Amino acid sequence: MTTASATIDKNGLDALIKALAGRGFRVVGPTLRDSAIVYDDIGSAKDLPEGWTDEQDGGTYRLVRRNDEALFGYAVGPHSWKKFLHPPIQSLWKAARSGKLTVHVEGAPSVPEKFALFGVRACELHAIAIQDKVFLHGPHGDPHYRARRENAFIVAVNCSKAGGTCFCVSMNTGPRVGSGFDIAITELADRGRFVVEAGTERGREVLAELPQQQASNEDAAAAGKVIEKTAASMGRHMKSDDVHRLLLANLEHPRWDDVAERCLACANCTMVCPTCFCTTVDESTDLTGTESSRTRRWDSCFTIEFSYLHGGTVRPTTRSRYRQWMTHKLATWHDQFGTSGCVGCGRCITWCPVGIDITQEVAAIRGEPT
Amino acid sequence: MARKTIKVDYLARVEGEGAFKVVVRDGAVKQAELRIFEPPRFYEAFLRGRSFMEVPDITARICGICPIAYMMGSTHAIEKVLGIKLDGQLRELRRLIYCGEWIESHVLHAFMLHAPDFLGYDSAIAMARDHGDLVKKALDFKKTGNEIMTTVGGREIHPINVRVGGFYRVPSRRELAPLLDKLKAARDFAVEAVRVVSKFDFPDCERDYEFVALRHPNEYPLNEGRLVSNKGLDIPIEDYDETFEETHVEHSTALHSHIRGRGAYFTGPMARYSLNFDKLTPTAQQAAREAGLGPTCNNPFRSIVIRLVEALYAAEEAIRIIEAYEPPDRPFVEGSVRAGSGCHATEAPRGICYHRYTLDDTGTVTFARIAAPTSQNQPTIENDLTSFVGGWLDLPDKELQHRCEQAIRNYDPCISCSTHFLKLDVDRG
Amino acid sequence: MGKKPRLAVWKFASCDGCQLSLLDCEDELLAVAGAVDIAYFPEATRGEIKGKYDVSLVEGSITTAHDAERILDVRTRSRVLITIGACATAGGIQALRNFADVKEFASVVYAHPEYIHTLETSTPIAAHVKVEYELRGCPIDKRQLVEVISAFIAGRRPVTPAHSTCIECKLKGNVCVMVAHGKPCLGPVTHAGCGALCPSYDRGCYGCFGPQETPNTVSLSRQMAALGMSEENLKRIYSTFNAYSEDFRKERERHGS
Amino acid sequence: MVPRVARVRRRTREIADVSTLTLEMEDGRPFRYEPGQFNMMTAFDVGEVAISISGDPDRAEDGLVHTIREVGIVSGAVARLTTGEAVGIRGPYGRGWPVDVARGSDVVIMAGGLGLAPLRPLIYAVLNARKDFGKVVLLYGARNPAEILYRAELEQWRRRLDVDIQVTVDTARDDWYGSVGVVTTLVPRATFDARNTIAYVCGPEIMMRFAAAALRDKGIQDESMYLSMERNMKCGIGLCGHCQMGPVFVCRDGPVFRNDHLRPLMSVKEL
Ligand SMILES: Cc1cc2nc3c(=O)[nH]c(=O)nc-3n(C[C@H](O)[C@H](O)[C@H](O)COP(=O)(O)OP(=O)(O)OC[C@H]3O[C@@H](n4cnc5c(N)ncnc54)[C@H](O)[C@@H]3O)c2cc1C
Ligand code: SF4
Ligand code: SF4
Ligand code: SF4
């Protein structure tokens, strides 16, 4: 559902952030930190990375100045929104013990923070939709995810620049935002304006409060152009239509050995991936033996413990662990959740310390020259 | 007469491992030896061939109790080679992190190691059963020192944020701010702590020491100053090697230092205090006076009071630095790598810690020398003990041993930097 | 729970930092002392309970013949022996002697090397006796120390994962210093535990927790070389506090002797 | 994700390192489940592990029954719980043994070692409705006579005469009069109508591989065989990712799988 669009300027954008904060949302969005664009609390449009962009490639990310004042002129960075909706550490329950026989267990409350996710890209909307399938649509849901997710307000942004490792076009996930947002923004950097549209009723309500103008046909056309240009400049490509069959038919391909020689089994790819959802649990106890608790923490299929069974681990080699990761993302995810587990955001390529590139690995297995 | 060696228990609550041997002949103490067994670790040897950038991280590992001292000594010495001199907020941040270490180390020694002696407990933990509130507050004080180190340095033991030229990352005002309230509470406790320990039962004892410490025109010395003594010494740090000499004695893996041609000297809190009383903050001076200390102090048994006066000073100094803090524009200053030799001394909690390095034109260390405070003090400790033990010879061995232990603890001998257990050997001939 | 377990703390060649970590647990120290009998801990108490201990924390490496004997005694007196820190677990920085001539080392430091009695090598505790559990780090992380003690009391497995430091770094939300700043970092091959400290302070990890469970140092070195690290510095970066751990030792050797 | 509290009503030592706990839910209500399902059991302070339910599904009011081998810290803590102690229960989870598919057919049940525990609810279910099934064969292999689980019950069943019970051990001393050899050696001798048989197999993975092969040799199709898998599990409900085996989550899609689905997965090394 979209409505006739309007345009707002930077003040309007600032008003949007404040309107959301005023509605009790914790507004989180792109901001500069440690020479990267991360997702963190933002209080006003000033906190956005004005005039910055990024250069990304396998294993490298550099911020560079743009020659304009664009607020959204960069691709996705090291963080994804899962850090808010599916946080790295989640308390599950506490148990109080009095004596040996009495234990009282109390579930961690799912009092959710109300997040307004500001600046969500098309691939990221897809990633959120994928995590929804995992955490909401299976036989057992995750109450903590549900609470945060149901409250979240989403301000999406159409990408005006493809990153060096982006391949959403190949994965049919972008760069145009389709659905799943409350408000969508397209930045017309050269005109200092943003074309905005509402995707939901509450989005419409919020937009109505902002100082705005009717979008001219010209602005609307320019917004379309921005997206087209982005689509035409993807940093990476991957033929994805047959990848399920391709990978599952090549589980013993020599390329897995080749990648194992390079892969550090460091798990960065899984940590940065917006769809990776695996977790483990930690038991903790106090020194007096009266309280214990269980906490959930992001885990990765690259660790030895991940597949540990008494007497040994199912995937002792990096070869089998990398294969698990990649085949899960691109193939078995379809079997499990009816969708790809990869949205083509390119994070795993950029943030792999040694630049292992999922698109190249697929190409190599396909037998294409890499 | 047959040789009779009385072996007494281990000495605990000193950091490091050593033993104490007393040779008695004809009812008089002939010799007292502080034996340091800490296995040699050969830092000065394996520092050769390392890059200057690695030195602070490596030297930190000389001692887990005062890593900052080794990091400060080595960074400053190397900076002299590279032509770096820090000023402004970077210099202040270095003082701040050192204040953290002083607090941690002094409070650890005063309350965890030393106070139990005066109050008649085996340990601070045992002491906590009767003096719970005091121990808890002391732990909080110590923790505040540690928190300075973790905030500025990343962690309390072997901080990771100190580098040649400054820091890897400087804290924001927001990161330092939470320390202020804690430091203010710590300062208030420190005033009380000085008062509490000043009431301990101290033997009368006046020793004639040559105190050696750094002295700086504008501040209580931490990282900078000239080497001065109460007997006329006043030299730049560069003259250290000419003025002091280290000898190697058979009974110890720590080297012994002397002032050339003069003999033993004494460095550490008592020396610093006696040579720099005028540079303490008014609150610290007043706390010292109320504790019955003059501007100098020659009674080693009172060193515990001085440590806490210094901890009080460090808390106030930290407050001052944090209140005035503005993050510098860059976390470190880059120097130019060149061949050369540089030395420096700083005031570790236990006294002067001297470093000298020679680098080649690639910044590789070709020579390293480090003089830890405990080895500088060892001859003085032995002299003192020789004198004390003489008066205690009639005591039963168990009592004698306990006295010796307590006396040794006056010096807070961090034996791991030179060198743990102190085994007492009394050879009564 | 019955009788309180008896804890002993032992020191071999080391800087005292790891056992000091226990005294640095200001918030938990009294609770620890309530939960266990601190039966032997010379750095903190002159009280000593003789006999056997339920758990011994051992700091330091074996560098003298005397210590090689002493560790055997510690073992026979301990039900569970936990090594704490890089010295006890990998030989420590002093294990650099294992790649050098100790006599020459002694002559550099001491005027009378003949007074110095030391072994040619600095070796981890596990090279001498059976070790139930190893706590990594130079120094250990005090939260991990409390975790190990709490886990021991509760009879559970301590949560001290052996995966890469990168996972902790990402859990924290750090920006990768290698990818975003081009700084060489040992995080990908280093055992977790410190909470990714160095990268949180804008520097690369230098590996003070030793190798992770499946370190691929060869691939990482290749990348660090691409970032401009010289062979000499590659050798140095593996030659610190865990230089004598098998994985780092081998990688060290690949970069010249 | 939050366990319910149950209490140990009875603990029976089965064999050296295996105990059976009978539990009572704190709310007093019977715990209903399907044969082959499992629970996530928490030993408070220690941790949580996946454990199959080993009781009689038709007698849930008699308590919730689990049989546990002490292999490590958590399983050890669970197995050593004593009467009255609290234990955390999440479940029942997973897809268990399909019983209905075997009505009207012969039933072959093959168990190796502790694999008999997850199969016991199935055995009860079949015996409780004995006339619905054709021949019922139980082939059971243990490492040695001392390792034979549920010995008394096996004797009881043997006396019923309407089940064929064969037990073998890998190794034995002279005082063992039964058969010696791995469990697959029992297959050729067992009598059932291979074209109309449903087989249920549980045991170590390697045992199940050989068992399936032996049953296939005997003419049973993979489509008629069900195996129960084990994988590392942290949640039991398809959220933690640990139990993946290619396209399946063992906790959610299994642990019991029909072998025509499972075999291709089992044949990939380190999947
Ligand atoms: C569906 C299912 C049903 C099971 N039913 C039973 C049963 O009825 N009786 C029984 O005794 N055992 C059963 N197991 C195996 C039992 O879960 C393991 O023996 C137990 O997890 C070992 O944990 P530990 O901590 O004692 O051992 P450790 O070897 O110390 O294991 C460490 C951790 O690895 C994981 N792990 C290790 N082995 C296994 C395993 N085989 N399966 C899953 N996770 C494992 C656990 O998270 C465990 O806490 C079952 C496993 C599964 C998956
Ligand atoms: S697999 Fe890589 S490209 Fe795909 S969604 Fe995950 S991080 Fe992005
Ligand atoms: S693919 Fe890259 S990021 Fe992922 S585990 Fe391997 S080395 Fe680490
Ligand atoms: S990041 Fe690496 S070097 Fe730094 S503290 Fe952690 S393990 Fe040690």
Side-chain angles (χ1 to χ4, degrees), chain B residues 9-17 38-46 48 50-51 54 57-58 61-65 67 104 108 112-113 122-126 128 135-136 139-140 142-143 146 154-158 160-161 163 167-169 247-250 253 255 331 405 414 416 420-421, chain C residues 11-21 23-24 26-27 29-30 33 38 41-48 60 63-64 66-67 92-94 96-97 100 102 104-106 108-112 115-116 118 122 138-139 141-142 194 197-198 200-203 206 208 232-233 236 239-241:
Chain B
D9 217 334
Y10 295 106
L11 180 86
R13 286 190 273 123
V14 297
E15 307 97 350
E17 186 171 352
E38 180 69 15
R41 289 183 291 154
F42 305 118
Y43 276 85
E44 287 136 313
F46 61 65
R48 295 169 308 162
R50 306 302 299 214
S51 155
E54 300 180 287
D57 292 325
I58 295 177
R61 269 69 181 186
I62 292 174
C63 176
I65 298 134
E104 179 274 330
L108 171 78
M112 312 303 292
L113 312 178
D122 279 348
S123 68
I125 292 161
V135 173
K136 242 198 78 31
L139 284 170
D140 282 343
K142 178 169 167 297
K143 186 176 166 197
N146 275 335
R155 62 183 166 200
E156 52 277 82
I157 302 172
H158 308 332
I160 48 82
N161 191 27
R163 57 165 278 170
F167 297 87
Y168 287 91
R169 176 171 82 72
T247 53
H248 185 197
V249 292
E250 182 161 18
T253 51
L255 300 167
E405 283 186 23
C414 172
S416 63
H420 221 108
F421 316 112
Chain C
K11 178 193 153 70
F12 293 86
S14 67
C15 79
D16 280 46
C18 289
Q19 46 173 325
L20 184 68
S21 300
L23 297 177
D24 275 348
E26 291 93 0
D27 292 335
L29 185 61
L30 296 178
I38 299 180
F41 186 9
E43 188 162 293
T45 176
R46 59 189 304 270
E48 182 187 351
T63 58
T64 64
H66 172 67
D67 280 353
I93 184 87
Q94 57 272 20
L96 289 177
R97 74 173 67 181
V102 176
E104 193 267 341
F105 267 25
V108 168
V109 180
Y110 298 99
H112 295 280
Y115 296 166
I116 300 295
T118 184
S122 165
C138 179
D141 176 270
K142 68 180 187 183
C194 69
L197 269 182
C198 293
S200 314
Y201 280 80
D202 222 0
R203 71 179 291 193
Y206 55 86
C208 80
E232 186 175 21
N233 280 336
R236 284 173 175 155
S239 307
T240 63
F241 318 102

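Bear in mind that the values here come from a model prediction, so they are computed numbers and not experimental data. Below, all heavy atoms of this structure are taken into account, side chains as well, without hydrogens, waters or symmetry copies. Residue numbers start from 1 in every chain, and the chains themselves are labelled A, B, ... in the order their sequence lines are given, proteins ahead of strands.
Chain B forms the most heavy-atom pairs under 4.5 Å with one residue out of D141(C), N233(C), V108(C), and that residue is V108(C). Counting heavy-atom pairs closer than 4.5 Å to chain C, the top residue among V135(B), I58(B), N146(B) is N146(B). With respect to chain B, the highest number of heavy-atom pairs below 4.5 Å among K142(C), R203(C), E104(C), Q94(C) belongs to R203(C). Note: P139(C) leads P139(C), G17(C), C194(C) in heavy-atom pairs under 4.5 Å with chain B. Contacts with chain C were tallied for E104(B), K136(B), R48(B); R48(B) has the most, counting heavy-atom pairs under 4.5 Å.
Minimum heavy-atom separation, E156(B) to D24(C): CG-OD2, 3.4 Å. Scanning both residues, L30(C) and A128(B), for their nearest heavy atoms gives CD2-CB, 3.9 Å. Minimum interatomic distance between L197(C) and G154(B) (heavy atoms only, all atoms of both residues): CD2-O, 3.2 Å. Heavy atoms only, all atoms of each residue included: C208(C) and R61(B) are closest at CB-NH2, 3.9 Å. Taking both residues in full, the closest heavy atoms of L23(C) and K142(B) are given as O-NZ, 2.8 Å, listed atom of the first, atom of the second, then distance. Nearest heavy atom pair, residue E26(C) against residue L139(B), reads CG-O, 3.3 Å.
Contact annotation: the side chain of T240(C) approaches that of R50(B) to within less than 4.5 Å [non-hydrogen atoms, C-beta and beyond].
With a 4.5 Å cut-off on non-hydrogen atoms, R97(C) touches chain B through its side chain but not through its backbone. With a threshold of 4.5 angstrom between heavy atoms, S239(C) approaches chain B through its backbone and through its side chain. With a threshold of 4.5 angstrom between heavy atoms, R163(B) does not approach chain C through any atom at all.
Note: R155(B) CZ to S21(C) OG = 9.5 Å, rounded to the nearest 0.5 Å. Of the inter-residue distances, the one linking I65(B) atom CD1 with D16(C) atom CG reads 4.5 Å to the nearest 0.5 angstrom. Atom CZ of R41(B) sits about 6.0 Å away from atom SG of C15(C), to the nearest 0.5 Å.
For the side-chain contact (heavy atoms from CB on, under 4.5 Å) with F42(B), the qualifying choice from V102(C), L96(C), I93(C) is V102(C), the only one to do so.
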